[in-house]
Amino acid sequence: MRPRSDSEGKLIVNDREIEEEIINLASPNMQRRAVHSPYYGFFVACMYGIISISITFANKAVFHTWEFGSSNFLTLGQIIFSLVVMALLKQQRMIDYPNFDPIIARKMVPLGVAFASMVFTGLAALKWINIPMYGAIRRLTTFIVIVWQYILLKKTVPTDEFASVVVMILGATVAGGGDLDASVWGYLLTIANCVTTAWYLVLINKTTEDTGLQTFGLMFYNNILSMPIMVIAVLLTEIPQLMEYPHWLNPGFIFTFILSSSLAIVLNYFVFLCSTVNSPLTTSVTGQLKSIVPTVLGLFLFGGVPLTWLLISGLSLSTFAGFWYGYIKYSQQQRALPKTSNV
C-alpha cells in the first residue's frame, strides 16, 4: 500500500488499499471479519495501548520491587520467550511463518537493530526515571515519527496535528523542570528511546513492503536478529550482577519476570499489527494516549513521586495535548468513513 498526498500535503489512502493491507496481515479468521469492520484498526490500537500499559508496570516491578538491575538480561529473556512460544504455536499449526532465509534476514537487519535499541533504551530508562516523567518524555516519539516519515516516506501532517505535538513537547519540558527526582541519565535514555521507537515504527512499514512478511514472520526475524546483540550486551555488562542477584528462586520474582516476558510477545504482535493496519503515526499517538494511565498511577505507585506545581502543570499540559491529538485523529477517521445515503 503506497500512500499519496494531495496538494495540501494531506495523506490520501484508498479504501480498497486498506482492505488489502488488512487481508495480507491479519490471521485467516480475522481477515473475514476485518474487511467488513471500519473499526478494526481502532480495536488493534486499543489492544496495543492496553498491553503497553501492562508491560510498563510489569517491567517497573521487576526493576523497582525486585531490585533487578539487569535490563539487558530481561530483554534477552523476553526475546527467547517469544521465540519459544512462537515455535510451539507454529508446531501446533496455530500460527505460521516462513523458515529462516539468509536473504530475507539481510533485509531485516535494520529493523532488528532498531528493535534491540528500542527495547534496551526503554528498559534501561525505567531504572533511572519515574513512570510519569517517562510517559511525558515519551510523547516526543510522535514528533520524531513525523520527522522520520517525512525523511523516509515523504509524508506530511496537517497543521493542527503538528501544533498538538508541539504542546506535548512543551508539557514534557515544563514537567521536567518540576521533577525533583530528575536523572540526566534517565532523561537521555528516554529521549534515545523516543528516537529508536520512531525509527522502529517507520521501518516496520518499509520492511513489510521489502520482504513481504506477515506479522509473525516479522516477529520471528526480529527476535532472531536481535538475540545476538543482547547476548553480547549481557556478556559484556551484566554477568557479575547476575551471579550476585539474590532472588532468582523467589516465586514472586519468577512470576513477575515471566509476566513481563509474556506481555512482551503480545505487545510485539500488536505493535506490528497496529503499524501495518494503521499508520506508524497512529501507533505512536496510541502510545502517547495510553501513557495517561501510567502517568496518573505512577505518581503514587513504586514509592510515589514528589509533586510540584511545575510537574503537575507540565503533565496536565502534555496529557491535554494527547487528548487533543487523539480527537484530531478520530475526526479524520470519521471523515474518511464512507458516507451512507438515507434514500
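Throughout, residue positions are numbered sequentially from 1 according to the sequence presented.
Put simply, CD1 on I55 and CG on L267 are 5.0 Å apart, with the number rounded to the nearest 0.5 Å. Rounding to the nearest 0.5 Å places CG of L213 at 12.5 Å from CD1 of I204. Atom CG of L89 is separated from atom CD1 of I265 by 6.5 Å, given to the nearest 0.5 angstrom. One finds the CD1 atom of I50 at 5.5 Å from the CE atom of M47 (value rounded to the nearest 0.5 Å). I146 CD1 to F143 CZ: the interatomic distance, rounded to the nearest 0.5 Å, is 7.5 Å. Note that CG of N59 and CG of L263 are 8.5 Å apart. Values are rounded to the nearest 0.5 Å.
Nearest approach of W324 to D160, heavy atoms of both residues: CZ2-O, 4.1 Å. The shortest heavy-atom contact between G69 and E238 is O-OE2, 4.4 Å. The two residues A198 and I144 make their nearest non-hydrogen contact at CB-CG2, 3.4 Å. Between G186 and A125, the shortest heavy-atom distance links the atoms O-CB, 4.2 Å. Scanning all heavy atoms of the two residues, the minimum distance from T256 to A58 falls at CG2-O, 3.8 Å. Minimum interatomic distance between V167 and A321 (heavy atoms only, all atoms of both residues): CG1-CB, 3.6 Å.
Considering only heavy atoms from C-beta on, L123 comes within 4.5 Å of Q78 through its side chain. Looking only at side-chain heavy atoms (C-beta outward), V266 and F270 come within less than 4.5 Å of each other. Two residues are said to be in side-chain contact when any heavy atoms from C-beta on lie closer than 4.5 Å; F81 and F257 fail this criterion. You'll find the side chain of L74 reaches within 4.5 Å of the side chain of F63, heavy atoms only. For the pair I79 and F115, the minimum side-chain heavy-atom distance is below 4.5 Å. Side chains of T211 and L218 form a contact here, defined as non-hydrogen atoms less than 4.5 Å apart. Put simply, the side chain of F320 does not reach to within 4.5 Å of the side chain of S316, judged on heavy atoms. Inter-residue side-chain proximity for I80 and M227 is flagged as met; some heavy-atom pair is nearer than 4.5 Å.
T196 contributes no side-chain N or O that, together with a main-chain N or O of A114, makes up a donor-acceptor pair within less than 3.5 Å. Judged purely by atom type and a 3.5 angstrom limit, T65 has no side-chain atom pairing as donor or acceptor with the backbone of V62. With hydrogens and angles ignored, the 3.5 Å screen pairs no side-chain donor or acceptor of N193 with any backbone N or O of L189. Using modelled atom types, one side-chain atom of T75 and one backbone atom of S71 make a donor-acceptor pair closer than 3.5 Å. For S164 (side chain) and E161 (main-chain N/O), a donor-acceptor pair under 3.5 Å exists by modelled atom type.
Hydrophobic side-chain contacts under 4.5 Å tie I232 into a cluster, directly or through other members, with L236.
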What donor-acceptor contacts under 3.5 angstrom involve side-chain atoms of residues 244-252, with partners at least two apart or in another chain?
residue : atom : partner : partner atom : Å
Y245    : OH   : W66     : O            : 2.6
W248    : NE1  : L242    : O            : 2.9
N250    : OD1  : G252    : N            : 2.8

Throw together a table of side-chain donor-acceptor distances under 3.5 angstrom for residues 91-104, partners on residues two or more places apart or in other chains.
residue : atom : partner : partner atom : Å
N99     : OD1  : K90     : NZ           : 2.9
D101    : OD1  : I103    : N            : 2.9

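With M108 as the partner, the side-chain contact (heavy atoms from CB on, under 4.5 Å) test is satisfied by one option alone out of L203, T207, I224: T207.
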